[in-house]
Undergrad: 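Structure below; questions to follow.
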Protein chains: 2
Amino acid sequence: MPAVPAGEPGRNGDAPEAVRAKSIPEAAVARLAVYLRVLSGMSEQGATTVSSEELSQAAGVNSAKLRKDLSYLGSYGTRGVGYEVGVLVSQIERILGLTRQHKVAVVGIGNLGHALANYGGFPGRGFPVEALFDLDADLIGVPVGGLPVSHMDDIPRICAERGISIGVIATPPTAAQSVCDRLVAGGVQCILNFAPVVLQVPAHIEVRKVDLAVELQILSFHVARRADDAAGNQGNSGLPGAVVPAENGNGRRNGTGPDGGRGMVVRS
Amino acid sequence: MPAVPAGEPGRNGDAPEAVRAKSIPEAAVARLAVYLRVLSGMSEQGATTVSSEELSQAAGVNSAKLRKDLSYLGSYGTRGVGYEVGVLVSQIERILGLTRQHKVAVVGIGNLGHALANYGGFPGRGFPVEALFDLDADLIGVPVGGLPVSHMDDIPRICAERGISIGVIATPPTAAQSVCDRLVAGGVQCILNFAPVVLQVPAHIEVRKVDLAVELQILSFHVARRADDAAGNQGNSGLPGAVVPAENGNGRRNGTGPDGGRGMVVRS
DNA sequence: CGATGTGAACATTTTCACAGCA
DNA sequence: TGCTGTGAAAATGTTCACATCG
């Protein structure tokens, strides 16, 4: 995605496809991460091969979609048999760029930030937390999860020094944009934003947001809609029928989407 | 969405459009929640009207999309002028079902659950936390955020008694499915899942997931892709050019989508 | 005149359905 | 025979562009 100077993002008449090669769909990337987790679990349980049917069941998607997604990796399956778990894991890790580490900085050591910091290195390794920041004087210097908290003013310097590539914003909404700017100044390339604000960033910075309020409101919408359906409710709607994978609609895009609530979190 | 008994979700040749009326796109619903937050902020600052241009800027989408989204509410704008903030707020709240309260139960009072419980009522009111659950004997009975923690075995009974409609799962992944089943048994209609597992639920239950690992891995993918682009980097890519709203791709679907890593989360 | 509301063009994503290979 | 890989169709979602109306 060639960065667009300003104004409306990506506004070009026809765009002669520029340089972009094959490029794998955003939606597929998100699912690959899920497949990876499922595959890791299977691997730990000793499985060596899986069929698209099995894997798709476990991941909660249909098999056609799964195969299409995996096809973006290349052809690593064996017709009539299935896929080798180990191969799939490697290939997905390769595509997702998990073969190298991505240093993380957590800003805002409140409830959520604290939880994240205590994580002591994010999911499945590969995302070591290497810097913590806050404004609270009482927190500066205090080790959280083994790492001392630094002052937000030092974000640019410290991020640059330590080669942080991902910044996690877990501050109150009012501080978020300022923190974001400093992270960018520090050379951070991606931001995971838990604050309920729409961040303004240069085109080359990737932002993803997690917003509790938005999630709850979307659920609220569905509850409401269900109530409306109180009409032609033929067939089997509320009947405790078969149980199937959630298969909901979290295919979030990132950008401007849902933001929301207040901030907290974490768990493993 | 008529519930599909079992097997592959929604597998029907052509589906004669059944009963579904107009129905507003999932993607739009997520954005409406964002508009609502932005509008609330504007309202607090005394703004009484907004143009699609202003609002879209603040929300990080383009004006056409914003107008299309708002059109699902009905026609509440004034040509040549814009929209009345108050009207928009009311209409969005109506569509999102925010005119009534949705009682929330939080399961798993660890780092995340604790943070959520302390929230003392979720974002912008409308989502009061009315029950807390955990397995830890040391926690049972202890008030967290003013509410005593109950045992997970009592999930079905208590949820039913208190009329909980939304369950938040903040437990370790191993307990998630079991908790989910009990929430469903207790009559909960929607689930917000912070555990990195694909939940199996009856078709009439709405599930949304928040997965830190998946988010980080998606960001990792973009870092990696950026590295690859190290080729024909003409134009202005890394140049600190204009700053624009994030507008990323968090348009998550929910269902079977991205799940992910280990579990953590949240904010404010 | 200026901004909304929207049909139609376009783009992306999902699903189908089946050829092809182990 | 059975399952992968994929072209093509269908569905969804986004953007354009402009008629319309306050």
Side-chain angles (χ1 to χ4, degrees), chain A residues 1 4 7-15 17 20 22-32 49-57 60-84 87-88 91 247 249-253 255-257, chain B residues 1 4 7-15 17 20 22-32 49-57 60-84 87-88 247 249-253 255-258:
Chain A
M1 258 162 217
V4 175
E8 286 296 290
R11 171 57 36 64
N12 42 16
D14 52 299
E17 76 173 58
R20 71 162 57 184
K22 54 287 189 88
S23 141
I24 147 175
E26 269 284 324
V29 172
R31 288 189 298 266
L32 284 173
T49 62
V50 261
S51 66
S52 61
E53 193 51 49
E54 292 175 276
L55 183 51
S56 68
Q57 284 281 315
V61 299
N62 74 357
S63 59
K65 193 189 289 184
L66 175 94
R67 289 199 300 280
K68 180 74 85 177
D69 287 344
L70 294 185
S71 76
Y72 296 121
L73 305 173
S75 283
Y76 296 100
T78 305
R79 295 176 191 230
V81 181
Y83 303 86
E84 260 191 66
V87 173
L88 242 37
Q91 292 306 317
E247 173 75 73
N250 283 40
R252 67 174 52 176
R253 268 331 170 328
T256 288
Chain B
M1 267 168 208
V4 176
E8 286 295 295
R11 172 56 36 65
N12 41 16
D14 52 298
E17 77 172 57
R20 71 161 57 183
K22 54 290 193 84
S23 142
I24 146 174
E26 269 284 324
V29 173
R31 288 190 297 267
L32 284 174
T49 63
V50 261
S51 66
S52 62
E53 193 52 49
E54 291 175 276
L55 183 51
S56 68
Q57 284 280 315
V61 299
N62 75 356
S63 59
K65 192 189 291 184
L66 174 95
R67 288 199 302 278
K68 179 76 85 176
D69 287 344
L70 293 186
S71 77
Y72 296 121
L73 304 173
S75 283
Y76 297 101
T78 306
R79 297 180 191 227
V81 181
Y83 303 86
E84 259 192 67
V87 173
L88 241 38
E247 174 73 74
N250 282 40
R252 70 173 51 178
R253 269 331 170 325
T256 289

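Bear in mind the structure is a predicted one, so any value in this text is a computation, not a measurement. Just so it is clear: chains get the letters A, B, ... in the order the sequence lines come, proteins before strands, and each one is counted from 1.
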Undergrad: Output the distance between atom NZ (A:Lys68) and atom OG (A:Ser52), rounded to the nearest 0.5 Å.
TA: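 Rounded to the nearest 0.5 Å, the NZ-OG separation comes to 13.0 Å.
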Undergrad: Send over the distance from B:Arg67 CZ to D:dT14 P, rounded to a whole Å.
TA: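 So the CZ-P distance, B:Arg67 to D:dT14, works out to 15 Å.
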Undergrad: First locate atom CD of A:Glu54, then atom OG of A:Ser63, and finally report the distance between them rounded to the nearest 0.5 Å.
TA: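 Output value for this atom pair is 11.5 Å.
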Undergrad: Taking only the side-chain nitrogens and oxygens of B:Arg31, find out if one of them lies under 4.0 Å from OP1 or OP2 of D:dT14.
TA: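 It does, given that an N or O in the side chain of B:Arg31 lies less than 4.0 Å from OP1 or OP2 of D:dT14.
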Undergrad: For B:Tyr83 and C:dG5, is the shortest distance between a side-chain N/O and OP1 or OP2 below 4.0 Å?
TA: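 Checking C:dG5 against B:Tyr83, a side-chain N or O does come within under 4.0 Å of OP1 or OP2.
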Undergrad: Could you check how far CD of A:Gln91 sits from C1' of D:dT4, rounded to whole Å?
TA: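 Roughly 16 Å, once rounded to whole Å.
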Undergrad: With rounding to the nearest 0.5 angstrom, report the OG1 to OH distance, B:Thr78 to B:Tyr83.
TA: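 Nearest 0.5 Å value for the OG1-OH distance: 9.5 Å.
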Undergrad: Does C:dA3 have OP1 or OP2 under 4.0 Å away from a side-chain N or O of B:Ser51?
TA: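 For C:dA3, OP1/OP2 do not have a side-chain N/O of B:Ser51 under 4.0 Å.
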Undergrad: Between B:Ala28 and A:Ser71, name the one whose nearest nucleotide on DNA chain D is closer to the 5' end.
TA: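 Nearer the 5' end of the strand: A:Ser71.
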Undergrad: Please report the closest heavy-atom contact between A:Ser51 and A:Val81, naming both atoms and the distance.
TA: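 Scanning both residues, the minimum pair turns out to be CB-O, 4.4 Å.
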Undergrad: Starting from P on D:dT15, measure out to CG on B:Leu70 and report it in whole angstrom.
TA: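 Rounded to whole Å, this separation is 15 Å.
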Undergrad: Please state how far atom CD in A:Glu53 lies from atom P in C:dC16, giving the value in whole angstrom units.
TA: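 Going from CD in A:Glu53 over to P in C:dC16 covers 12 Å.
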Undergrad: Whole angstrom is fine here: how far is it from CD in B:Glu26 over to P in D:dT12?
TA: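 It works out to 12 Å between those atoms.
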Undergrad: In whole angstrom, what separates A:Asn62's CG from D:dT6's C1'?
TA: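 From A:Asn62 CG to D:dT6 C1': 15 Å.
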Undergrad: Could you measure the distance from the CG atom of A:Leu55 to the CD atom of A:Glu53? Nearest 0.5 Å is fine.
TA: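 Atom-to-atom, A:Leu55:CG and A:Glu53:CD are 10.0 Å apart.
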Undergrad: Using a heavy-atom cut-off of under 4.0 Å over every strand shown, decide if A:Tyr76 touches base, sugar-phosphate, or nothing.
TA: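 Here A:Tyr76 touches the backbone only, sparing every base.
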Undergrad: Show the nearest heavy-atom pair for residues B:Ser56 and B:Asn62, with the distance to one decimal.
TA: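 Taking every non-hydrogen atom into account, CB-C, 3.8 Å.
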Undergrad: Atom NZ of B:Lys65 to atom P of D:dC16: distance rounded to whole Å?
TA: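 Roughly 11 Å, once rounded to whole Å.
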Undergrad: Start at the 5' end of DNA chain C and walk down; is the nucleotide closest to A:Val81 or to B:Gly80 reached first?
TA: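 The residue whose closest nucleotide sits nearer the 5' end is B:Gly80.
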Undergrad: If you define the side chain from C-beta out and look only at heavy atoms, does anything of A:Leu70 sit under 4.5 Å from A:Leu32?
TA: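 A:Leu70 vs A:Leu32: side chains touch.
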Undergrad: To the nearest 10 degrees, what angle separates the axes at the start and end of the helix from C:dC1-D:dG22 to C:dA22-D:dT1, five pairs each?
TA: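 That helix gives 10° between its end axes.
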Undergrad: Please check the phosphate of D:dC3 (OP1 and OP2 only) for any side-chain N or O of A:Ser52 closer than 4.0 Å.
TA: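 No, because none of the side-chain N or O atoms of A:Ser52 sits under 4.0 Å from OP1 or OP2 of D:dC3.
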Undergrad: When the distance from CZ of A:Arg79 to P of D:dC3 is rounded to whole Å, what number comes out?
TA: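 Computing the A:Arg79:CZ to D:dC3:P distance gives 13 Å.
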